[in-house]
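Here the structure comes first, spelled out in structure tokens, and everything after it is commentary.
One-based numbering, in listed order, for ligands and for the atoms of each. Bear in mind that the values here come from a model prediction, so they are computed numbers and not experimental data. In what follows, every heavy atom counts, from backbone to side chain, and hydrogens, waters and symmetry copies are set aside.
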Amino acid sequence: MSNKNNKIYLDYAATTPVDKEVLKAMMPYFSDKFGNASSVHSFGQEAIAAIDQAREKIAELLNCNFNEIIFTGSATEANNLAIQGIARNFQFSISNFQTNLKSQSSNSKLHIISTNIEHESVYEPLKELEKAGHEITYLKVDKNGFINVSNLEKSIKNNTVLVSVIYANNEIGTIQPIKEISRLLEKINKKRRENGLSKIYFHTDAVQAFQFLECRPDWLKVDLMTFSGHKIYGPKGIGALYIRQIGPMGLIGPIISGGGQEFGLRSGTENVPSIIGLAKAVELVFKNKEARFKKVLNLRNQLLNYIIKDNKSINLNGSIENRLPNNLNIRFPNVSNETLLVALDQKEVAVSAGSACSARASKASFVLTALGLTEKQAKESIRITLGKDTVGEEIKKVAEIINKALLDLKNYKGKIVTP
Ligand code: PLP
């Protein structure tokens with residue numbers, strides 16, 4: 001059951017509760033084991049040993065090196081670090097004549113390829129780079145929510161330094177062909193090497209994908225990968241960036257400077273309890289991934305069927321194929337999502353109008369308009385996301401509550417149309 005108070009929470013893409021096992025692992029590090037990991041004495045040693053163990057655990061599960069995992073204050077920060085960090089490093093290299101990028105292009109303008117359905121924490125740093133004079137290509141998704149890899153290939157230029165593609169979208173759950181992209185980049189990078197051009201790095205925001213999909217970087221063949229604690233039953237305020245170790249200079253430069261923690265890439269006293277919590281949450285994901293996937297997929301499909309049975313006019317936004325198993329994004333024609341959300345909240349059902357970041361602003365979702373929906377249609381859409389503890393009883397109840405709310409709204413407005 002999602003909640004003891006009979007409330008039903010179906011907004012797990014926004015955040016998840018901390019797992020009891022995670023909380024238990026974290027607890028000692030708030031008070032008993034409170035040392036600063038940079039201190040030389042035994043309190044500090046205890047803290048750094050715990051951080052090392054957590055990093056080792058995550059590295060082992062992701063099949064990567066210990067020093068390829070950088071803890072950050074959120075996935076937002078990890079995405080910023082990936083994008084701004086790589087841009088900084090390239091610019092630094094250009095200004096020091098340490099790459100041949102200067103000869104590749106007449107100026108130091110970098111080119112980055114991304115998509116038009118990235119999370120704001122990728123989109124906004126890209127906008128910043130654009131303002132600073134760099135060039136960004138935003139690949140458009142089709143009406144089902146997928147990018148076209150051959151369009152990506154066509155967008156590559158000599159000064160392309162990074163491709164950043166979200167693994168699974170936070171609003172519609174569509175899964176991008178990350179493996180296909182990395183295979184393409186491998187082929188292209190081989191040619192670039194032969195022609196003396198620098199490598200194009202590949203970043204993916206795996207925040208929503210992490211608990212359900214294969215996320216080992218050596219399998220995905222990505223250079224940078226972002227994940228977050230609070231989307232996987234870990235604490236809020238902790239994220240991580242996987243950074244492939246390349247060359248003595250490293251792949252990226254820091255965006256936060258100070259005491260040089262996290263291999264110099266993220267200064268600031270380490271958040272020990274949250275790092276421990278993240279490692280435990282990752283461990284539980286790896287232990288339960290398949291079972292969680294099957295369970296939520298089954299319940300999600302049941303819910304969709306229940307809703308469709310009584311509402312033939314609804315539309316599912318984004319493809320049902322290649323979609324996260326816990327995600328539904330449904331448009332109820334002529335019903336404002338704000339009105340429906342409030343009606344459902346009054347019946348103690350929590351769903352969302354879109355991504356948590358934009359949920360408070362009554363703006364149309366840019367992800368939905370990217371699929372071709374009008375602003376009005378986007379504002380008729382709600383996101384329902386299931387969690388590992390969602391049960392069948394709740395699904396049935398939610399379907400009934402939604403159907404009843406729609407009937408009530410219909411009576412009130414009297415203008416729901418059935419195509
Ligand atoms: N990327 C995606 C796809 C997300 O869904 C989110 C959170 O909504 C983030 C990044 C940001 O994560 P955090 O809340 O840890 O900053």
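At least one heavy atom of His230 lies less than 4.0 angstrom from ligand 1. The closest approach between Gly239 and ligand 1 stays at or above 4.0 Å for every heavy atom of the residue.
Annotation: Tyr123 is in aromatic contact with Tyr138 [ring centroid separation under 6.0 Å]. Separation of the Phe43 and Phe34 ring centroids falls under the 6.0 Å cut-off.
Applying the 4.0 Å criterion to heavy atoms of Ser74 picks out, from ligand 1, the atoms 15 (O), 16 (O). Annotation for ligand 1: atoms under 4.0 Å from non-hydrogen atoms of Ile166 are 3 (C). The atoms of ligand 1 that sit less than 4.0 Å from any heavy atom of Ser121 are 10 (C).
Considering Ile238, Asp205, Thr226 only, the shortest heavy-atom separation from atom 1 (N) of ligand 1 involves Asp205. Taking all heavy atoms of Thr76, Val122, Thr15 into account, the minimum distance to atom 11 (C) of ligand 1 is reached by Thr76.
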Would you be so kind as to tabulate the donor-acceptor pairs closer than 3.5 Å made by side chains of residues 275-290, with sequence neighbours excluded?
residue	atom	partner	partner atom	Å
Asn288	ND2	Leu284	O	3.0
Lys289	NZ	Leu213	O	2.6

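Between Lys379 and Glu375, no side-chain nitrogen of the basic residue sits less than 4.0 Å from a carboxylate oxygen of the acidic one, so the salt-bridge criterion is not met.
For the pair Ala75 and ligand 1, the shortest N or O to N or O distance falls below 3.5 Å. Below 3.5 Å of separation, one finds an N or O of Lys231 facing an N or O of ligand 1.
Counting heavy atoms under 4.0 Å from ligand 1, residue Glu77 does not touch it at all.
In this structure a side-chain-to-backbone donor-acceptor pair under 3.5 Å is missing from Lys33 to Phe30. Checking side-chain atoms of Asn169 against main-chain N and O of Glu171 turns up a donor-acceptor pair under 3.5 Å.
In this model, no donor atom of one side chain and acceptor atom of the other lie less than 3.5 Å apart for Asn148 and Asp142.
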